[in-house]
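To find a chain, count down the sequence lines: A is the first, B the second, and so on, and within it residues start at 1.
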Number of protein chains: 2
Amino acid sequence: MDRRIARTRSILESALNQLTLVKGYEAVTIKDICDEANVGRSTFYAHFTSKDDLKRRGLEHLRHHLLARQQAALAGGSSPQDRALSFSLVMLEHARDHAALYKALVGDRGGSVALGMIREILGELIRTDLARLDMERVRGPADREATVHYLVGAFMSVMIWWLDSGAKLAPGEVDTLFRHLSLEGIDV
Amino acid sequence: MDRRIARTRSILESALNQLTLVKGYEAVTIKDICDEANVGRSTFYAHFTSKDDLKRRGLEHLRHHLLARQQAALAGGSSPQDRALSFSLVMLEHARDHAALYKALVGDRGGSVALGMIREILGELIRTDLARLDMERVRGPADREATVHYLVGAFMSVMIWWLDSGAKLAPGEVDTLFRHLSLEGIDV
DNA sequence: AAGATACCGAACATAGTGTTCGGAAACCTG
DNA sequence: CAGGTTTCCGAACACTATGTTCGGTATCTT
């Protein structure tokens with residue numbers, strides 16, 4: 001690929017992230033991004049159709065990262081229980097590593113683009129997880145899709161709460177918490 | 001209250017809902033709303049600061065509705081298990097009754113305002129629920145806030161999935177599904 | 001080195017937001 | 001039902017952002 005293209009796209013992605021930290025995703029305009037990146041506005045439109053488009057493409061990196069880590073977890077885990085929901089810890093660690101950006105994203109409504117995409121990605125991972133569990137145990141394929149959405153929503157919500165409240169707990173602790181609620185249910 | 005005020009606000013709320021059905025929440029402009037409602041644009045700004053403001057005030061109705069129904073459920077239920085998570089069925093029935101509007105809301109990102117507010121409302125209800133459970137049983141107040149967010153996220157996600165996939169199941173079935181996942185965990 | 005391709009920047013059209021203000025219309029009060 | 005009060009209308013204005021076009025310039029690939 002032409003180096004100019006790679007450079008332009010990369011710097012635009014970085015600029016959006018940087019500006020998101022400063023003023024929140026929604027408040028960032030395309031002109032802002034171009035100024036921050038030192039790129040002509042017409043050039044922006046030569047690569048991306050909108051700010052959301054730019055954001056979505058940037059999140060492809062995350063998708064590949066998570067998929068790779070899941071492969072490793074599925075291969076290496078000891079018991080089925082350990083291997084299940086492996087996305088949880090990986091995702092929480094990623095969130096902690098980019099905590100400021102995540103918080104800026106979820107802070108305002110603008111997060112819906114990024115969060116929507118992350119939900120998609122997690123949905124894929126969880127489907128894989130559940131299918132694997134179904135193979136190893138006897139269990140009807142009933143309600144699997146409902147369970148996927150149940151888990152995605154629960155996880156995202158807990159993660160955002162964790163980030164918003166300052167991420168005081170370690171990723172491992174939140175992971176334990178989430179897995180316990182998921183596998184055992186809330187203790188009535 | 002001056003009748004003109006009540007009438008203007010009410011008709012503006014209806015106009016927003018109507019237009020949301022037609023073109024989706026985000027695509028609705030303030031001019032659209034005023035045209036649909038036959039209200040001057042300056043009048044709009046005399047009552048609301050923005051489209052989101054209008055939406056939020058409209059959702060106060062839902063809040064009161066849900067709170068009232070929860071009171072009834074808490075008073076009337078037989079076992080503690082039955083009384084817990086009473087918001088679930090009420091909310092699902094309300095969603096079914098306004099399915100088209102809900103689907104239009106969650107379809108695009110614009111839903112984040114409404115959904116964010118609904119999450120808030122449900123959070124309150126669940127906190128009440130859990131506190132009640134804590135009183136009736138012996139149980140440490142540990143992680144209660146995490147559980148609240150876990151349940152809100154899981155429920156919203158399941159509800160949206162249900163609506164998006166055409167609401168083929170009855171509210172009662174989805175309720176059962178959700179309660180089972182919440183109380184027993186996913187069956188590994 | 002040469003041809004292809006990307007980038008720049010300025011200009012233009014379009015569309016939405018939010019404010020102001022004077023006159024007309026509707027409302028509540030006594 | 002007459003009074004003063006309040007709301008509503010609508011047009012005008014300033015402002016900001018989006019998305020497109022195009023000729024000239026700089027940079028890349030082969």
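Residue pairs meeting the salt bridge (charged side-chain N to carboxylate O under 4.0 Å, His left out) criterion with at least one partner in residues 151-176 of chain B, sequence neighbours excluded, are B/Asp175-B/Arg179. The stretch residues 89-100 of chain A participates, sequence neighbours left out, in these side chain to side chain donor-acceptor pair (under 3.5 Å) pairs: A/His94-A/Tyr102.
Terminal axes of the helix from C/dA1-D/dT30 to C/dC27-D/dG4 (five pairs each, C1' rotation axis) are separated by 40°, to the nearest 10°.
When the P atom of C/dG18 is taken as reference, atom CG of B/Leu54 falls 13 Å away, rounded to whole Å. Separating the CD1 atom of B/Ile33 from the C1' atom of C/dG18 is a distance of 14 Å, rounded to the nearest angstrom. Rounded to whole Å, atom C1' of D/dT5 lies 17 Å from atom CE of B/Met1. A straight line from CD1 of A/Ile11 to P of D/dT27 spans 14 Å, rounded to a whole angstrom. Distance B/Phe48 CZ to C/dG18 P: 14 Å, rounded to the nearest Å. Atom pair A/Asp35:CG and D/dT18:P shows a separation of 12 Å (rounding to whole Å applied).
In this view, A/Gln70 and A/Leu67, A/Leu74, A/Ser86, A/Leu125, A/Thr128, A/Asp129 satisfy the side-chain contact (heavy atoms from CB on, under 4.5 Å) rule, not counting sequence neighbours. Judged as a side-chain contact (heavy atoms from CB on, under 4.5 Å), and not counting sequence neighbours, the contacts of B/Ser165 are B/Trp161. Residues satisfying the side-chain contact (heavy atoms from CB on, under 4.5 Å) criterion with A/Ile11, sequence neighbours excluded, are A/Ala37, A/Val39.
Under a 4.5 Å side-chain heavy-atom criterion applied to ILVMFWY residues, the cluster that includes A/Val22 comprises that residue alone. Under a 4.5 Å side-chain heavy-atom criterion applied to ILVMFWY residues, the cluster that includes B/Leu89 comprises that residue alone.
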Once each nucleotide of nucleotides 5-10 of chain C is scored for protein heavy atoms under 4.0 Å, what B/S/- sequence comes out, 5' to 3'?
BSSBB-
List the steps, then state whether side chain to side chain contact (heavy atoms under 4.5 Å, CB included) holds for A/Glu60 with A/Met117.
CA-CA 9 Å; A/Glu60 287 298 336; A/Met117 179 124 180; 3.3 Å; yes
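Mapping B/Lys51 and B/Arg3 onto DNA chain C by nearest heavy atom places B/Lys51 at the nucleotide closer to the 5' end.
Remark: A/Lys51 is not positioned above the aromatic ring of A/Phe44, lacking an NZ or CZ atom under 6.0 angstrom from the ring centre and at most 45 degrees off the axis.
Contact annotation: B/Tyr45 side-chain N/O to C/dG18 OP1/OP2 distance is under 4.0 Å.
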